[in-house]
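What follows is a single structure, written as structure tokens, with notes after it.
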2 protein chains.
Amino acid sequence: MRKTFLFMDTIINKVDAKGRVSLPSDYRAIVKESSSEIVCYRSLTSPCIEGCLEDLLDKLASDMENSLDFFSQEQDDLTNLVFGDAKRYPFDSTGRIMLSEKLLKHANITDSAVFVGKGRKFQIWSPQNWEKEEARIRAEVLKNRPSLRNTNGDNK
Amino acid sequence: MRKTFLFMDTIINKVDAKGRVSLPSDYRAIVKESSSEIVCYRSLTSPCIEGCLEDLLDKLASDMENSLDFFSQEQDDLTNLVFGDAKRYPFDSTGRIMLSEKLLKHANITDSAVFVGKGRKFQIWSPQNWEKEEARIRAEVLKNRPSLRNTNGDNK
DNA sequence: TGGTATAGCATGGGATTTTATGGGAATCAA
DNA sequence: TTGATTCCCATAAAATCCCATGCTATACCA
């Protein structure tokens, strides 16, 4: 039994004519611990798809219930957006999922999909968009390096 | 039961035609306490590979979740950078891992790999790069020696 | 003390399994 | 019926397993 469940690595897979994509086997191994489906929704901030285990959304729901901002407009909007958009995507016996038109369009994905690990969740990008995003992040982090050290608690 | 889990020592092993390297047995003994795989990623600052137990990244994920907002840009960037690059490397029954092309290229490793202990993590260098790095570190220490003496309070 | 047995380790190569991917048949819904 | 989704099988490439070998360090014994 695995102790940790982190989505990692960056993997590019093909989207076939029917719209099917293989979920990377590492991801599948994690998901299989608890179910045979992932939850996906359009990223609120980027032209990409986000995916995670249903557990994470459950935790998000709990966190929001427990927060002081229970009645805030902002929380309301966020939960509407996330839960209104999210949907379960089961994978078949060969490990493929079929993403909806809505998701693919939001992420500009046509024939290839890039899976990017983010720890408890992951993202799915088009190769072109991911290339741009990765460059932006590297530049950004390089600029703010000191704060990274603090968060990390490790200097090297 | 072992009490401490520190990667130590410097060991050079061969990378075979398939890209396999033996993880030093001392390292393996540490890893085996909790699993049979390590996590590796490209060092942000040096031309080498870094490795650690998944626990360390899991802790990082938790820290991020607790200190940054779920939807914040900063959290987004950091998780992409860290988890997008990291990957699990399980070792087989003879104790070998198979490093990816991406990692080998970043560290300029071809047929030999130098494992350098760093406590909770370790680094993997090409012999040439490690030679240079070691020289640099020695020079650095020599340069700072006076202040080191002062701190020590002992002149000889 | 010196020589030898032994266990653990690094390494090589072949066999086996997994994975990503394509396509056809079966099933379902409008 | 038609269009789409699901299931099943096929294949090539890649990853993983497994066994064999030689080396080294340590233990053991005379």
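Throughout, a chain's letter reflects where its sequence line sits, starting with A, and its residues are numbered from 1.
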For chain A, the stretch of DNA chain D it reaches, first to last nucleotide, under 4.0 Å of its heavy atoms
D:dT5 to D:dC9
A:V82 versus A:L57: any side-chain heavy-atom pair under 4.5 Å?
yes
Where the side chain of B:R28 meets the backbone of B:L23, is there a donor-acceptor pair that is under 3.5 Å apart?
yes
Under 3.5 Å, side chain of A:Y89 to main-chain N/O of A:G51, donor-acceptor pair present?
no
Less than 3.5 Å apart, any donor N or O on the side chain of A:Q128 or A:W130 sitting next to an acceptor on the other?
no
Could you work out, with side chain to side chain donor-acceptor pair (under 3.5 Å) as the rule, every residue matching B:E131, not counting sequence neighbours?
none
Base, backbone or nothing for each nucleotide of nucleotides 16-30 of chain C, written B, S, -, heavy atoms under 4.0 angstrom, 5' to 3'?
---SSBBBB------
Are B:F91 and B:I49 connected in a single hydrophobic cluster, I mean Ile/Leu/Val/Met/Phe/Trp/Tyr linked by side-chain heavy atoms less than 4.5 Å apart?
yes
Taking the six-membered ring for Trp, are A:F122 and A:F115 parallel (under 30°), tilted (30 to 60°) or perpendicular (over 60°)?
tilted
